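Residue numbers begin at 1 in each chain, while the letters A, B, ... track the order of the sequences. Keep in mind that this is a model prediction, so the values were computed, not measured.
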2 protein chains.
Amino acid sequence: MAQAVRLGDEELTARQQDVLDIALSLLVEVGDKLTMTGVARRARCSKESLYKWFGDRDGLLTAIVQWQAAKVRSVPVGPQRMSREALQSHLEQFAFDWLKVISGDISVALNRLAITHAGPLSNLGTTVLMNGRFAVGQRLKPLLKAGRGAGLLHFSDEEEAFRTFFGLVIKDVQIRLLLGEDLVLSETDVVRDAKRAVEQFVTLYGVR
Amino acid sequence: MAQAVRLGDEELTARQQDVLDIALSLLVEVGDKLTMTGVARRARCSKESLYKWFGDRDGLLTAIVQWQAAKVRSVPVGPQRMSREALQSHLEQFAFDWLKVISGDISVALNRLAITHAGPLSNLGTTVLMNGRFAVGQRLKPLLKAGRGAGLLHFSDEEEAFRTFFGLVIKDVQIRLLLGEDLVLSETDVVRDAKRAVEQFVTLYGVR
DNA sequence: AATTTACCGAACCGTACGGTACGGTTCTGT
DNA sequence: ACAGAACCGTACCGTACGGTTCGGTAAATT
């Protein structure tokens, strides 16, 4: 038996992980027209295996989302001593990474998928929300609190501060991409936008 | 022949307008599971008429979006003399209205629909973008420029100023709603958020 | 070697839905 | 009053796709 990786309550063999990667790339190409037959053909596996592994189509889609989410988890920033420059630099790095992810093909495809199947029937929307906006909040808030602890930031409600950071960084980028606008963000664009967002955030929440 | 209303290159009879309203309400209920048979049954018309009037399913969806967009157009604000209080009040009103629309069932349903069918094949995404984000920009920018003309605001790039306003007002509300989160915004919530967004915007772009 | 397990490929089934055809009915204009 | 257009309701067709079944194959297990 090949190496298995735990994911939620399931464990995935290497083969199944490969299939999920292939299915994800296919999803990026064809969007919601992703079909079980198509996945099977591209992954050179049988539909029977897909149903055996993932239950049904919704199970496959959920597995794709969770598998991608598991890959994205990154290291949390520790609440170390914060200089003003270090805080600014961390925030810029954060904004940069986030913008990069949000504007990537994979993020757009997964968010489209989850939005399409949003509703009480499927939990895809919840999953994407938890692994997207929520997870980012969990990683940013310690940084904000460290900044406040060092006397560099001032805010009473960390959730509200985070949501403002969200707005300043993402602006209208995500909705425009989701609606299909051909918006190309060069590396320098992203760097500039991230810097400006942090600058504005510090203007609003910075001390002195 | 009943009264006809021009819409794009088409003109719609009163009956067709009724059908579009009914189709829209059905869309809000069932989302992307909207079916031609369902529309025909709810609207008490024949499928044949639907196809005669709107061509195909995509034509019906496009007509729904355009019909709603035509109803939403509101009066532009004139570039009158601006006091600081008047500008602030106008911006707050603007933010309030916008948040209200974005968080409404109809906006969520139409944006979901357009995102689902985004891509080079259908222009639904473009239509929603043009009548949503773009139209709002066209209405807000004169207000911003009037504020700048009165020496109350400072910015070099009005597009950038608008996008910042967008981020501060909408924050994560739209994406959370699109992903199916059961987010209830009371009237007082919206008022408070709109005020805070304008306050922050003025902090960033206000003079003195 | 025999048996079990896991898988592939392909054929197959059921159904939902987009789109069309057609007979009957109401509306409209002369 | 009458003709014709517009429309309703429904039956029907074709297809795409989710899901199932089955025969064949190769590797692992006993």
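Mapped onto DNA chain C by nearest heavy atom, A/A40 and B/G55 fall at different nucleotides, with A/A40 at the one closer to the 5' end.
The listed nucleotides are C/dC7, D/dC8, C/dG9; the one nearest the side chain of A/S49 is C/dC7. Ranking D/dG18, C/dC17, C/dG9 by closeness to the B/T35 side chain, first place goes to C/dC17. In the set C/dC8, D/dC8, D/dG9, the nucleotide with an atom closest to the side chain of A/C45 is C/dC8. Distance from the side chain of B/S46 is smallest to D/dG9 among D/dG9, D/dG18, C/dG9.
Remark: the B/K47 side chain and the D/dG9 base include no donor-acceptor N/O pair separated by less than 3.5 Å. The base of C/dC22 lies close enough to the side chain of B/E48 for a donor and an acceptor atom to sit less than 3.5 Å apart.
Crowding of A/K100 atom NZ: a count of heavy atoms from other residues, nucleotides or ligands under 6.0 Å exceeding 12. Within a 6.0 Å sphere centred on NZ of A/K195, heavy atoms belonging to other residues, nucleotides or ligands number 12 at most.
The shortest distance between the side-chain N/O atoms of B/R15 and the OP1/OP2 oxygens of D/dC8 is below 4.0 Å. Contact annotation: B/R44 side-chain N/O to D/dG9 OP1/OP2 distance is under 4.0 Å.
One interatomic measurement links the two molecules: CG of A/D58 to P of D/dC17, which rounds to 17 Å at whole-angstrom precision. For the pair A/L50 CG and C/dG9 P, the computed distance is 11 Å after rounding to whole Å. Taking atom CG of A/D18 as the reference point, atom P of C/dC7 lies 13 Å away to the nearest angstrom. The distance from atom CH2 of B/W53 to atom P of C/dG19 is 17 Å, rounded to the nearest whole Å. Protein atom NZ of A/K52 is 14 Å distant from nucleotide atom C1' of D/dC22, rounded to whole Å. In this structure, the CE atom of B/M36 is 21 Å from the P atom of D/dC12, given to the nearest Å. Whole-Å rounding puts the A/L60 CG to D/dC17 C1' distance at 14 Å. One atom, CG of A/D32, and another, P of D/dA16, lie 16 Å apart when rounded to the nearest Å.
Partner of B/F94 under the side chain to side chain contact (heavy atoms under 4.5 Å, CB included) criterion, chosen from B/V198, B/V136, B/L99, B/V169: B/V136.
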(message) The test is side chain to side chain contact (heavy atoms under 4.5 Å, CB included); show your working for A/L20 and A/L60 and say whether it passes.
(response) CA-CA 8 Å; A/L20 287 181; A/L60 173 64; 3.9 Å; yes
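Using cut-offs of 30° and 60° on the angle between ring planes, the pair B/F201 and B/F165 is perpendicular.
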